[in-house]
Amino acid sequence: MSVILEVVCPRLLGPAAMVAAAIIVKGYSDVGDGFSAGVVVALAVALRYVTLGAERAERSLPVLRHAPVLAVAGLLLVLAIGFFPVAFGEPPLTHFPRAGEPVVEIGALELTTAVALDVGIFLLVAGALVETIHQIARLVEERRA
Amino acid sequence: MTALSLSLVVPWAAGLVLALLDGRRRLVGWVAVCVLGANLGALVVLAAAVLPDDPVVVTTGNWPAGVGITLRADALGVLFALLSSLALLSATVFEVLEGVRERTFPGLVVLLAAGLTGVFVTGDLFNFYVFFELAMTAGYVLATYGGGRRELGAALVFTTVNLLGTFIFLLSVAGVYHVTGTLEMSGIAARMDEVDANAAVLLAAGFFVAFSVKLGLFPFHFWLPTVYTGARPAVAAILSGGLANIGAYGLLRFGGELLPGELDLAAGALIVIGSASILYGGVLAVSRRTASEMLAYSAIGQVGYVLVAIGVGGPVGFAAAILYTVVNALNKTLLFLTAQMRGALAGATFALGALSVAGVPPAAGFVGKLELFRATAGSPALVALFVLGSALSFVYAFQTYQYDFWRGERRGRRSSAPSRASSPRSRSSSSRWACGRSRCSR
Amino acid sequence: MSLLFALAAAVLFGTGAYLLLDRDLVRVVFGVVLVSQAAVLTLVASGLTRGAAPIYPLSRGPVSDPLSQAMALTAIVIGLAVTALLLVLVLRVVQAYRSEELAEVAVREAEREARLERLHEREHAEEEAAAR
């Protein structure tokens, strides 16, 4: 049981990231958004923390130590996307290109400012949750020490 | 629209960046002060646009009205936003001069400013809750500032009680959406007349409990003394001068604008609760010896006046309530900040605040009290209550002033934990603030 | 259906309120979580309509009310953040006091006050003696 956990859980991060990307992309025609994508990635990270322990998890994936920076960058991106229309005299959260105007397409994905907003939310949620996990793990380990 | 957006986005974005930096560095503290100053500036520009003309209303995302979330800045909201911003700015300047002790402090205060501005300029009920929670969460963390046992214990009480209040508010929001089918404040006000009277009373009671918990009114006050005496002076000033304004604003906005019928119905009860608050706060404040305990109970008493004024109602009553809230928030900020300092300048400032609390003519509090007396001129009982309450506040304010500033030494219980815990710092800083240290007689 | 939601929310709120009165701090946190879930359920129930998911190429027939779902989602997220904050706060309080019982917290606080009081009285007596 524990061997399976130790082998499988750390390898789940890749597939989880894949699922997260799919959730963001399909959010524009089906159920899905940046928030749930962020939760999926954070769950995979939480599994790593549980199986490897905080120390090993963070040594094997140093980006986890910079989770607050990711979260703040995500929220700044969200704020920038939300409030930049004010500079053009439009109300906040107006999205470009507007309904009916031509859109840049990559395959089936339509690039609007809403996609960037969702990526920001994804970063924010994943970063904030990972940081929460990190803090709780640190407090628990301090207590144990 | 630009000023409205700037007053939201500037503290929000800057607060996030500040949260990453080490707030104990002096430069970071001053950047936070600059951001709060910029927020205040944007609010002044917004006020200049709102006060002479109509409210500024923005529907986000270019959605048709009724679909998009509305931001709405009117005179009441902008006034409260300005007031809170001013209180946060002065508390932050104070703390930066004293020396910030924790890295998160400047970022949290700036985020708190963003949340408060949002609460006061939103026109949407659920958005109100979201900004409210943003401000409160920053407040919960700020209450731990200092990190000692006392602060942590106080923060835990503060967080638990206020979260309960918040969820009661959320239950009422759900109820309002269920019975009116809208979350836009103007829409709710229009549709509330057709709502079943029993449901409306239940919702109004929920809102009242939620905001009373924030304000610390008499039956809901039990958390307040622990928190205000446990927290450090700058944090106590932020909580009482900034965050508590949400309670008064909520009572005015929800009672006066969204549920006026229910407010009329409950007028008697509000006056009784307010009077109980005035007497309870006043009597207990007189019996206290430390400045911070006195101020905590005084806070309970002072919001009683606001509630009585709201209960009296009508344009005069609401005007008195608003004016009194403004004066009270400024008093509390000033007193909490100066209570821990020593020396002639701090003493004079404290005396000014004490005069204001008591409502003696040269100070601002006199105007507030005068307006209250005008509002309640018809009722001898209320006038008598106000005279009694003012007399009590005069006694407790000057008792503390006498103990702390006139006599050099302090006796008995007064030097227990809060002042003792912070004394090395405040003593060292008082030499910077004041001409002479009264404790040097030791 | 509304009745079911109302009952569930009432049970959650009641259980939460009961846990809030407990002396064990972790139970207090669970109490707050349950009360928050009661609020979320009420939000879901506030716009209860039967219909298809309201995503753009609308299917025929009635569409369910998306607003209460959005509110519930937001409330869950805020509840999550607040729960994390509360748990960390409890952990720090426990670390500071090395005990989870509120009563013990109060006892220690009283002891500390009494100690300070004694200390101060001694100082005061010394001062007076010195002055004499």
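Chain letters run A, B, ... following the sequence lines, proteins first and then strands; every chain starts at 1. Please read all numbers here as calculations on a predicted model, not as lab measurements.
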Of all residues at least two apart in sequence or in a different chain, which pass the side chain to side chain donor-acceptor pair (under 3.5 Å) check with B/E257?
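Only B/R253 meet the side chain to side chain donor-acceptor pair (under 3.5 Å) criterion with B/E257.
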
Taking the side chain as everything from C-beta on, heavy atoms only, tell me whether B/N62 gets closer than 4.5 Å to A/L93.
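Sidechains of A/L93 and B/N62: no contact.
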
Does CH2 in B/W30 sit with more than 12 non-hydrogen atoms of other residues, nucleotides or ligands closer than 6.0 Å?
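Enclosed.
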
Can you see which heavy atom on B/T60 is nearest to which on A/P91, and at what distance?
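That would be CA-CB, 4.3 Å.
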
Can you list the residues of residues 116-135 of chain A that sit under 4.5 Å from chain B, counting heavy atoms only?
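Result: none.
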
Neighbourhood of chain B inside residues 35-74 of chain A, taking heavy atoms under 4.5 Å as contact
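Answer by number: A/P68, A/V69, A/V72.
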
Looking only at heavy atoms, which of residues 2-15 of chain B get nearer than 4.5 Å to chain A?
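Heavy-atom contacts from residues 2-15 of chain B to chain A are B/T2, B/S5, B/L8, B/V9, B/W12, B/A13.
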
Less than 4.5 Å to any heavy atom of chain A: does that hold for the side chain of B/L16, its backbone, both, or neither?
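For B/L16, backbone and side chain are both near chain A.
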
